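Here is the structure we will look at, set down as structure tokens.
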Amino acid sequence: MTDQEAGRADRVVMRDIRKRYGMVDALRGVTLRVGPGEVVGLVGDNAAGKSTLMKVLAGAVVPDSGEIVFDGRPVAFASPKDARELGIEMVYQDLALCDDIDVAGNLFLGREPRRAGGMMLDVRRMHADARRHLDALNIRIPLTDIPVGGLSGGQRQAVAIARAVTFGPKLLILDEPTAALAVAEVETVLELIKTVSAQDVSVILITHRLQDLFRVCDRLCVMYEGTLRADLDARSTSLERLVSEIVAHDEEDKEGRRR
Amino acid sequence: MTPTKTATGAGTSRRVVTTRSARASAHIGRHAQTIAIAAVLVVLLIFFAFSADRFATTGNIFNLLRQIAPTLVVATAMTFVISTSGIDLSVGSTVALSGSLLAIVLQHGWNPTLALVAILALGALIGFVNGWFSSYQNIPPFIVTLAMLSIMRGTALRATEGYSTPIDGDLWIVQIGQGRIAGVPVPAILAVIIALVGWLVLTRTPFGRYVIGLGSNGESLRRAGVNTRKVGLTVYVLTGLAAAVAGVLIATRLSSGSSNAGSGFELEVITAVVLGGTSLFGGRASMLGTILGALTLGVIANGLVLLHVSPFYVQIVQGGILLLAIFANSKVWAKFGAIRK
Ligand SMILES: Nc1ncnc2c1ncn2[C@@H]1O[C@H](COP(=O)(O)OP(=O)(O)O)[C@@H](O)[C@H]1O
Ligand SMILES: [Mg+2]
């Protein structure tokens, strides 16, 4: 009994998360849980609050209220560093790269290999490791010493993904990671999600490619105007049902306004 | 025939070629201005060597190096500030305040070593205030440091009542400005060491990396878990400290602390940095460029004086150079780079 409970313990639980930007209620009390090794698809219209919710989980946005429990312990993130230290990695929708810094530099940004007692960058090791990590992920970027500002959209996205998966995360958040990728590269990312989730890494995937969700996700969570409206089992839900969950609220809302 | 040939299996190699050319053009874009300023410097050196008799003498070159030492010291620190897309306009006033206070406390009989440490600490504190307002309170550094410019100059004037204060030539501290080691002026040696350390920190340390990242895309750097506010504050502490060093160099060279020292100094420093190719929009920096930029300004000022051109023109020429450098920086060289801001 207790064993079973421990086995089913959630990797992360977000409870009643709220965030307001001036007049915009971005999050109006969202509760979301993800188990170890579970892949959760997060969908919803534009401006539903998906990115904001995930930024809260990654420590990039501090919520107005609500609580987060990670591996059974309540946590409060003052900065992305806190979340990173717990093993939460995120590929941001805008990628969050520094255009003037090279590929290896972006890959290791914030945790550069050092030498001379931590005072100096170990540039050589950085490039060698970057090469290794990119090759391991089948990412074709021939040179690690060019600024990422000069790369194509797909390459930039690949760098951002590599950065998130390379350092052994426990929870991987992917905010529209495949938007700029070619078909073959999307396949690679989907395979990657399957691989890491088999290794007990929890994944939250935001994407507009609904057909991808059914291929990798265990659960599908639908957001609507800052709330979580539906939590569906991916295996027993049809595409039609999912689409109607995403758009149905619009009609409800229109009727609500008409009244 | 040719199209089919290139189409078969050349996909990857073509991609590599494109990336290589992207790297080459990015490198050229990054270093174009440094190369250009080096060329300008060489042309100027040749020109003055032939037109001004005394220019190419060891004595004059050492004199020139001693003159630009304060500029180079502060320009090194300013390269960090500008790389974060910040600016520090208060350095000239800090030069005046630190030089004046140094002379005053020495006159009150302070131990020179203690006086030196106190003045450097004061410079760092001024920088801390600049950095706290700019980085932690998000007030534009342009406004913050402009206000500090006024406050520090006023404080210097109040402290000295507008007079300059002599420094006793027997104190060891005057050696900082006037001494020589193996014939080379101490200020020149200090400036070169500081510039080299600056280069090392900017290009080889995590801090230098974060300075570039902050100017390139601060929010990305923050999301990578870096304490961006601390980085943003530290660069102003560096300029404050460097300005105090410059104040000490100038006051000890002249054996007097004056509240009028360092007027227009911030402009000269910024010109040197921009001339060297560091982008005012942040993210791109060249410490070598800064060194060449400071040398170029020094050579122009020194050469024009030797040619008996009125010193008033020097200021006009320097302002013109700043305008031209910014123009080249944002319009001409940007075209070479792969990155468009
Ligand atoms: N930094 C911000 N400042 C102001 N409003 C914001 C900010 N971030 C998000 N918002 C607003 O919050 C709402 C949710 O945005 P977002 O989380 O990006 O939605 P999604 O990712 O689902 O498209 C939108 O109305 C957006 O305009
Ligand atoms: Mg979004």
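Lettering follows sequence order; numbering is per chain, from 1. Worth saying up front: this structure is predicted, and the values here are computed from it rather than measured. Hydrogens, waters and symmetry mates are skipped; everything else that's a heavy atom, side chains included, is used.
In plain terms, the two heavy atoms of B/Pro206 and A/Gly118 that are nearest each other are CG-O, 4.5 Å. The minimum heavy-atom distance linking B/Ser216 with A/Asp99 is given by the pair OG-N, 3.3 Å. For the pair A/Gly110 and B/Val226, the tightest heavy-atom approach, listed with the atom from each and the gap, is CA-CG2, 3.8 Å.
Surrounding CZ of A/Phe77 are more than 12 heavy atoms belonging to other residues, nucleotides or ligands, all under 6.0 Å away. Heavy-atom neighbours of B/Tyr136 OH from other residues, nucleotides or ligands within 6.0 Å: above the threshold of 12. Atom CZ of A/Arg124 has 12 or fewer neighbouring heavy atoms from other residues, nucleotides or ligands inside a 6.0 Å radius. Environment of CZ in B/Phe128: sparse, with no more than 12 heavy atoms of neighbouring residues, nucleotides or ligands closer than 6.0 Å. Within 6.0 Å of CG on B/Leu323 lie no more than 12 heavy atoms contributed by other residues, nucleotides or ligands.
Put simply, of A/Ala60, A/Ala58, A/Ala83, A/Ser152, the one with the most heavy-atom pairs under 4.5 Å next to chain B is A/Ala60. Ranked by heavy-atom pairs under 4.5 Å with chain B, the list A/Gly105, A/Ala116, A/Gly59, A/Cys98 is led by A/Cys98.
Side-chain contact between A/Asp94 and B/Arg223 is present, with at least one heavy-atom pair separated by less than 4.5 Å. When side chains are defined from C-beta on, A/Met119 does not count as touching B/Arg204, because their heavy atoms never get closer than 4.5 Å. Using a 4.5 Å heavy-atom threshold, the side chains of B/Asn217 and A/Leu97 count as separate. Contact check for A/Lys81 versus B/Asn227: no side-chain heavy atoms found under the 4.5 Å cut-off.
For B/Tyr210, the part lying under 4.5 angstrom from a heavy atom of chain A is the side chain only. Neither the backbone nor the side chain of A/Asn106 comes within less than 4.5 Å of any heavy atom in chain B. In this structure, chain B has a heavy atom under 4.5 Å from the side chain of A/Arg114, while its backbone stays farther away.
Formation of a donor-acceptor pair under 3.5 Å by the B/Thr205 side chain with backbone atoms of A/Met120 is not found in this model.
Between the CZ atom of B/Arg209 and the CZ atom of A/Phe108 there is a distance of 11.0 Å, given to the nearest 0.5 Å. To the nearest 0.5 Å, the span separating OG on B/Ser220 from CG on A/Leu95 amounts to 8.5 Å.
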